[in-house]
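The structure under discussion appears below in the form of C-alpha cells.
Numbering of residues begins at 1 and proceeds along the displayed sequence. Just so you know, these numbers use all the heavy atoms, side chains as well, and skip hydrogens, waters and symmetry mates.
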Amino acid sequence: MFFLELSFKGGCREVGRSGLLVNGEILLDYGIKAGEIPEYPKNGMEPKAVLVSHGHLDHCGAVPNLMYLNPEVFMTPPTADFTALLGRDTLKLAETTLSGVSPFDSDDLQKLNHKTQRKDYGETFKTHGYNVCFYNAGHIPGASGIHIESESGESLFYTGDLSLQETRLVPGAEEFPEADTLVLESTYFGEDHVQRKETEERFIESIHETLDIGGTALIPAFAIGRTQEILMLLDAYGIRAYVDGMGRDVYKILKKYPEYLRNPDLLDRAFERATQVKNHLRESVLGEPAVIVTTAGMLNGGPVLYYLSRLYNDPGSKILLTGYQVEGTNGRLALEHRMIETRGDILSLKPAIEQYDFSAHCGDRELKQLVKDFCDKGTKRVFVMHGEKTEAFAEWISEEIGVEAYAPANGGSFIF
C-alpha cells in the first residue's frame, strides 16, 4: 500500500514548486519559487528521507530547510553540487529576492552537504525499508526519474522533469522500469515542440542579422543546462560569445562529471572559445557588436539587468529569450509589454525581443506515449503534476488509456 501526499503542486511551467510525500516517510523533491517566501512542509510532515530528482530551484531549493528533521538525503553527484550552488545563491539574494526572509542558513547548507548521499544512475540503495534507484531523465545533467519499491513489492516511478530527446548537452532519458504507480510531470501537455534543428537555425540566423547591423545579441539563459547548451550551439556555428553569470560556475561543476554529459569535449571547447566576463569588464563588452550569454533566464536578476540597463534604448540590438517566461517575471513583462522593472525603475525596451523554444521537457506526443508505454507494462494508476493542464491530462489518460488518473490539488492525499 502507498499513501501519497502533495506538499505543494508544481505550478507554472518550469518554476512551479514540487514536493511529494510517500507513506509519510519519503519526500520526493522540495523546491521553492524564486522571488517569493518559500513554503515549508505542510500538515506537520516529517520525512525520514528526501530524494531529489534534479538540481533546479523548483525541485531542490528548499531541501536545506528540512535539516532540522535530520532526514537521509539522496541525489546524483551533479544534483548535489547544483543544490549547494543554488543554496548559496539563495542566501546571497535573500534580502532582495526573498523579501529579507531566508528559508535556511549557512549551517543548514553545511549539514545538507554532510548528510547527502550521492548515488549514480542504476545504483540501487535502501532507505527506511524502500529500495530506490535513480534513472537518467534527460532534462539537465544529473536529472533523475526515481523508482521506489516497498517491502511488499508495490512500486512507484516519479519522473521529475524529463526529456526523451537528446540535446547538445545531455542524452535523452533512458528506458524506465515498470511500476504500479506513475507520477508524471506534464509541463507541455497539449503543446508539441518545434523541431530542435529548425529552432537552432532560426536562432543563429537572427544572431547573424543582429551582428550585421552592428547590434548586440543579448541571450538570457538559465544557469544550469541552458547556458551550456547555448554556448555549445554558438560554437558549433562558429560564433564567438561572451559568457557571464552563474553559468560559468555550473560549467566548473560539470567538468567533474563528464559521464553525465553527451559530449564533454564539445562543452569544453565551447567554454574555451567563449570569453568569460568579469564584473568590472562588463562595460567594455558593449563597445562593439557582440553576443552575450548571461543569467538570469527570466530577466529577474543577475548580470542580464546590467546589460539591459545599457542596451534598452538601442533598437539595433536584440534580446533572444531561450526559455519559457513565467507570469510575473520581467521576461513575461518584456514579451507582453516591452518593458522591465529594475530597482524601482521601469525601462521601456527598444531592442527587438524574440523567444525560442529550447525546452528540456517532453512535448505532448512524448508525454502521451510515455503514459501508454507504462500502462502497457502494467501501471495501474497515474498522477499528473507540475503543469498548467493537469486536470485535462488526467482526463485524457482516463478516457484514452482506461486507467485511473488523478490531478492532485495542493495538499491532496491518496491511499491505494
Side-chain angles (χ1 to χ4, degrees), residues 9-16 18 29 53-54 56 58-59 135-141 143-145 157-176 182-204 221-222 224-226 228-230 232-233 262 297-298 320-327 331-332 335 354-377 379 382-401 403 405 407:
K9 181 174 66 175
C12 300
R13 299 288 186 172
E14 300 185 19
V15 293
S18 290
D29 285 345
S53 68
H54 67 284
H56 274 158
D58 55 328
H59 289 258
Y135 290 81
N136 176 23
H139 190 58
I140 63 170
S144 305
F157 189 80
Y158 171 73
T159 66
D161 289 349
L162 81 158
S163 175
L164 302 181
Q165 300 298 318
E166 66 181 14
T167 67
R168 293 178 184 272
L169 183 63
V170 293
E174 65 181 298
E175 184 175 349
F176 296 140
L182 173 65
V183 181
L184 176 71
E185 72 123 316
S186 61
T187 308
Y188 282 91
F189 172 73
E191 181 180 349
D192 274 314
H193 302 301
V194 175
Q195 289 292 322
R196 196 57 152 239
K197 181 174 174 48
E198 179 182 338
T199 298
E200 290 183 351
E201 290 175 349
R202 288 192 298 107
F203 181 74
I204 295 299
F222 308 125
I224 300 176
R226 195 62 47 81
Q228 297 76 35
E229 181 185 356
I230 293 299
M232 294 174 76
L233 169 61
R262 182 183 169 200
M298 295 187 192
L320 297 97
L321 300 169
T322 60
Y324 183 79
Q325 305 297 307
V326 169
E327 186 175 351
R332 177 68 73 88
L335 278 173
E354 299 175 350
Q355 185 177 30
Y356 294 86
D357 182 7
F358 284 100
S359 175
H361 292 261
C362 287
D364 180 77
R365 284 192 297 269
E366 292 171 314
L367 288 171
K368 291 175 177 176
Q369 187 61 52
L370 189 68
V371 174
K372 289 179 180 178
D373 291 344
F374 265 92
C375 292
D376 285 346
K377 295 177 182 178
T379 293
V382 180
F383 291 86
V384 181
M385 57 186 292
H386 205 284
E388 296 173 333
K389 302 175 183 177
T390 55
E391 292 183 0
F393 194 8
E395 183 177 348
W396 181 89
I397 293 169
S398 296
E399 293 179 354
E400 297 296 326
I401 301 181
V403 302

Is there a donor-acceptor contact under 3.5 Å from the side chain of R226 to the main chain of T322? yes

Least distance between heavy atoms, E229 atom then L169 atom: CB-CB, 4.5 Å

Check whether any side-chain heavy atom of E200 lies under 4.5 Å from a side-chain heavy atom of R168, and answer yes or no. yes

How far apart are the C-alpha atoms of H386 and D58, what are their side-chain angles, what is the distance that settles it, and do they pass the side chain to side chain contact (heavy atoms under 4.5 Å, CB included) test? CA-CA 10 Å; H386 205 284; D58 55 328; 3.1 Å; yes

Any sub-3.5 Å donor-acceptor pair from E399's side-chain atoms to W396's backbone N or O? no

Residues at least two apart in sequence or cross-chain that pass side chain to side chain donor-acceptor pair (under 3.5 Å) with E175, listed by chain then number, are K377

Strictly by modelled atom types, are R332 and Y324 linked by a side-chain donor-acceptor pair under 3.5 Å? yes

For Q195, is the CD atom crowded, meaning more than 12 foreign heavy atoms sit under 6.0 Å from it? no

Can you find a pair of side-chain heavy atoms, one from H193 and one from Q165, that are under 4.5 Å apart? no

Please examine the side chains of I230 and F203, heavy atoms only from C-beta on, and report whether any two atoms are closer than 4.5 Å. yes

By side chain to side chain donor-acceptor pair (under 3.5 Å), which residues pair with R202, not counting sequence neighbours? none

Stepwise side chain to side chain contact (heavy atoms under 4.5 Å, CB included) check, L370 with F176: CA-CA 10 Å; L370 189 68; F176 296 140; 4.2 Å; yes

If I compare all heavy atoms of C375 with all of V382, which pair ends up nearest, and what's the gap? SG-CG2, 4.3 Å

Show the nearest heavy-atom pair for residues A143 and G138, with the distance to one decimal. CB-O, 3.2 Å

What distance separates L184 CG from D161 CG, expressed to the nearest 0.5 Å? 10.5 Å

Minimum side-chain heavy-atom gap Y158-M385 below 4.5 Å: yes

Got a donor-acceptor contact below 3.5 angstrom from the E185 side chain to the L162 backbone? yes

So do the side chains of F189 and K368 get within less than 4.5 Å of each other, counting heavy atoms only? yes

For residues P171 and N136, report the shortest heavy-atom separation together with the two atoms involved. CG-ND2, 3.9 Å

pair F157-L182: side-chain heavy atoms closer than 4.5 Å: yes

Residues I401 and K372: closest non-hydrogen pair is CD1-CG, 3.7 Å

Compare every heavy atom of Q355 with every heavy atom of G323, then report the nearest pair and how far apart it is. O-NE2, 3.2 Å

Close side-chain approach of V371 and F393, heavy atoms under 4.5 Å: yes

Rounded distance [0.5 Å steps], CZ in F374 versus CD1 in I397: 11.5 Å

Side chains of E191 and D364 in contact at under 4.5 Å (non-hydrogen atoms): no

Could you check whether any side-chain N or O of R196 sits under 3.5 Å from a backbone N or O of T167, counting only pairs where one atom can act as donor and the other as acceptor? no

Between D357 and T199 (side chain of the first, backbone of the second, donor and acceptor by atom type, cut-off under 3.5 Å), is there such a pair? no

Under 3.5 Å, is there a donor-acceptor pair between the side chain of H139 and the main chain of A360? yes

CG of L367 to OG1 of T187: how many Å apart, nearest 0.5 Å? 7.5 Å

Please check this pair: side chain of H56 against backbone of I224, looking for a donor-acceptor N/O pair closer than 3.5 Å. yes

